[in-house]
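Here is the structure we will look at.
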Amino acid sequence: PVRARAAPRLGRRGTHLRRDLAGPGGIQARVAGTLGATADLAATGTAPLGLLNAFVEPRRVEGAASFDLALRGPLSPSSLSGTVRVQGARLTDPALGTALAGVSGTVALAGGQARLDLSGAASDGGTLAATGTAGLAAPFPASLQVTASGLVLRDPTLYEATADARLTISGPLAGGATVAGAVDVLN
């Protein structure tokens, strides 16, 4: 169960909050500010990445994220700002039979966009990194770069190869984005 200690007060501009939250898996957060027709809220803390598993199944995410976020203005993604940091996380994909370990980096939020800078090591060898921006509201416009170095690709019954890649993803992630670039199979 999540435990919360709160001292909300109703004021002319809305409800003034100051809450400390603690919950399973290491959830720790402090939320403070005012919530009314507009927001002036700040939130800091840590949360387990496993909270994302319901959204990415059958993939699994392990590790923790620290966050320092603010919601200032209308209740919309464009009012959200701050940073989410991940260090040493793990992402597994049973369909591909692989995992990314040591996933580290930041996601900076501002102006309705997320700026990503994440990288990790593949369980079979090589590294994978993603950088760029993605919109926080539909159609989620993106300008992302994905690079792989020495990435081992394997299907135990068919092949094993090592590849380098430089890919871009441009356009709306909700549909119609363009993927371009090169994949060099080394062996």
Side-chain angles (χ1 to χ4, degrees), residues 1-57 59-89 91 100 103-120 129-146 167-180:
V2 174
R3 294 182 317 276
R5 290 187 330 188
R9 292 177 318 186
L10 189 57
R12 287 181 0 157
R13 293 180 42 215
T15 302
H16 301 283
L17 303 169
R18 184 170 188 82
R19 294 182 179 229
D20 291 321
L21 305 168
I27 295 173
Q28 296 285 329
R30 171 167 280 180
V31 179
T34 304
L35 183 60
T38 62
D40 185 9
L41 290 173
T44 58
T46 59
L49 293 171
L51 294 172
L52 299 172
N53 287 335
F55 303 102
V56 298
E57 284 184 341
R59 293 161 208 87
R60 306 294 292 167
V61 184
E62 300 169 10
S66 62
F67 56 89
D68 186 355
L69 302 172
L71 183 63
R72 302 208 192 308
L75 302 178
S76 73
S78 63
S79 300
L80 185 61
S81 64
T83 305
V84 178
R85 288 183 173 78
V86 175
Q87 188 167 354
L91 170 66
L100 284 177
V103 176
S104 297
T106 60
V107 178
L109 305 169
Q113 285 191 330
R115 177 168 297 282
L116 293 90
D117 187 0
L118 301 166
S119 62
T131 60
T133 60
L136 298 177
F140 311 105
S143 177
L144 299 169
Q145 298 75 43
V146 178
L167 303 172
T168 60
I169 303 167
S170 303
L173 295 177
T178 301
V179 178

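In this chain, residues are counted from 1 in sequence order.
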Minimum heavy-atom separation for [X] and [Y], please, with both atom names.
X	Y	result
Ala114	Val107	CB-CG1, 3.8 Å
Gly88	Ser104	N-OG, 3.1 Å
Ala177	Ile169	CB-CG2, 4.2 Å
Gln28	Ala22	NE2-CB, 3.7 Å
Ala29	Phe67	CB-CZ, 3.9 Å
Asp20	Arg30	OD1-NE, 2.6 Å

Got a second to check how far [X]'s [atom1] is from [Y]'s [atom2], nearest 0.5 Å?
X	Y	atom1	atom2	answer
Leu71	Leu80	CG	CG	6.0 Å
Arg59	Leu100	CZ	CG	12.0 Å
Asn53	Glu57	CG	CD	7.0 Å
Leu41	Arg19	CG	CZ	10.5 Å
Leu109	Ser79	CG	OG	12.0 Å
Thr133	Arg115	OG1	CZ	5.5 Å

Open item on the list: Please evaluate residues Val56 and Val61 with respect to the criterion side-chain contact (heavy atoms from CB on, under 4.5 Å), reporting the C-alpha separation (whole Å), side-chain torsions for both, the decisive distance (0.1 Å), and the verdict.
Closed with: CA-CA 8 Å; Val56 298; Val61 184; 4.1 Å; yes
Task: Qualifying residue for side chain to side chain contact (heavy atoms under 4.5 Å, CB included) with Thr106, from Leu118, Leu116, Val86, Asp117 - done: Asp117
Task: side chain to side chain contact (heavy atoms under 4.5 Å, CB included) partner of Leu69, chosen from Val31, Thr44, Val84 - done: Val84
- [ ] Evaluate the side-chain proximity of Leu35 to Leu75: yes if any heavy-atom separation is below 4.5 Å, no if none is.
- [x] yes
TODO: Check for a donor-acceptor pair, side chain of Ser66 on one end and backbone N or O of Thr46 on the other, with a separation under 3.5 Å.
DONE: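 Judged by distance alone, no pair lies under 3.5 Å.
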Task: From CA spacing to verdict: side-chain contact (heavy atoms from CB on, under 4.5 Å), Leu144, Thr168 - done: CA-CA 6 Å; Leu144 299 169; Thr168 60; over 6 Å; no
